[in-house]
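Down below is the structure, laid out as structure tokens.
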Amino acid sequence: MNDRSVPHSRFSLQFLGANATVTGSRHLVTAGNARVLVDCGLFQGYKPLRLRNWADFPVDPASIDAVLLTHAHLDHSGYLPRLVRSGFRGKVWCTEATRSLCNILLPDSGRLLEEEAGHANRSGSSKHHPAEPLYSEADARASLSHLHGIGFDHVFEPVPGLRARFRMQGHILGAAAVTLEFEGRRITFSGDLGRPGDPLMHAPAALADSDWVVVESTYGNRAHPQDGLEQELLAVLQRVIARKGVVVIPAFAVGRAQMLLHVIARLQDSGQLADVPVYLNSPMAASVGGLYRQYPRLHRLDGPALDAMQRITHVVESVEASKALNRRKGPMIIVSASGMATGGRVLHHLVAFAPDPRNAIVLCGFQAGGTRGAALAAGQKQLRIFGQEVEVGAEVVQLAAGSAHADADEILAWLRSAPRRPRKVFVTHGEPDAADALRARIEHELGWPAHFPEYLEQVELA
Ligand code: ZN
């Protein structure tokens, strides 16, 4: 099962996810006799991808010595409870803020998976009887004891002989690029690359000196408008408020929900936007909000900005209060997870508010293929939610400037910040068009060898 008879100084990389898709980030690094997994994400979106979550892990989890997480988003961390349940015994290294976020996110993920399995059992919609969750909340809590927080820019050894260092990457609290050095050879994993001008997060640090770079390409074929978010959001909010409608914003609970509330607070405080009620209906987003005070150096918001955000936000706690919101009349703004409308409380709001043309659904951030968010963005007029068809009469707006990911020019600028040209760049974490467009630009504009690896492809770092 576990072949440890590899030559001593072998250094290799295998792509176990995020190939031609933005989800399921997992990269297996072999350094001598040790195995280290960089990111341990869930596959989301199209069903054939989601089924990979259920397949046996490509190598025996017990043979992996350590895991390093670039950040807490579930497509980078959400498989961890399953890995631990399947026999992984080592440490999981991440930044302190990533650890704090995982403490909130992973148990919530387990609880949602249990709820989905329960729902499938009640409705008879699963082929499996009984339907089992991928992992439970208890599995997720058990996995948390493996997490080991480490400061940005500290050099540490996840396994003997392999040196590692996290550098700030913007994107969300705690997000990092990680550089591994083994016998004089260095590889950097970008994780998810933030934006230099993000309203919430700091600009990413420069790319470290590296022989190989694994870079994300979510927006590898797109350009974000510059500084347009506030005006883009203001325009749609004003339109909907004028017709007394409801704005439903499916938002990623970690990062985008807080960014939106910050911008809405600024618009209301400056008098540009009417003081309509703003609801945050995501208990997880509410707990995450507290972490911005715990890690003041990791983002751009000062005390008064955090106070303003808190002042305008009505946090919806109970399920009853969440249901009551669906009976309220507009104008009002509801920010609720999940960001691609794949699950969470926002689904109930879509059932209630999507049919009425006075309302709007505002999408913020990347909508992976196969999700309801992508269907909405593509103009689909019907959504399937809880086994029923929901008409979409509401205006659908996708905020072009709302992303927490760098666009193609910003990714190239980050690559150019390296002190020297790497030997090769591996382009991952993008749908095929985006990944291949970025690969071509790296080759043509930077003149660096670039490769778009396939799922399970293995490369020697020699
Ligand atoms: Zn992310």
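Whatever order the structure lists ligands and atoms in, that order sets their numbers, starting from 1.
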Quiz prompt | Test ring-ring contact (aromatic ring centres under 6.0 Å, His included) applied to Phe156 and His148, step by step | solution = CA-CA 11 Å; Phe156 61 100; His148 191 81; 8.4 Å; no
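Side chains of Ser322 and His348: a donor-acceptor N/O pair is absent below 3.5 angstrom, by distance only. Side-chain contact, Tyr295 with Ser100: a donor N or O sits under 3.5 Å from an acceptor N or O.
Take the Zn ion (ligand 1) and draw a sphere of radius 2.8 Å; the protein N/O/S atoms inside it number 4.
Using the six-membered ring where Trp is involved, Phe43 and Tyr455 have ring planes that are perpendicular, over 60° apart on the 30 and 60° scheme.
Annotation: the span from His171 atom NE2 to His202 atom NE2 amounts to 15.5 Å, rounded to 0.5 Å.
Residue His451 is tested with Arg439, Glu457, Glu443, Lys424 for a side-chain hydrogen bond (donor to acceptor under 3.5 Å, both in side chains); the sole match is Glu457.
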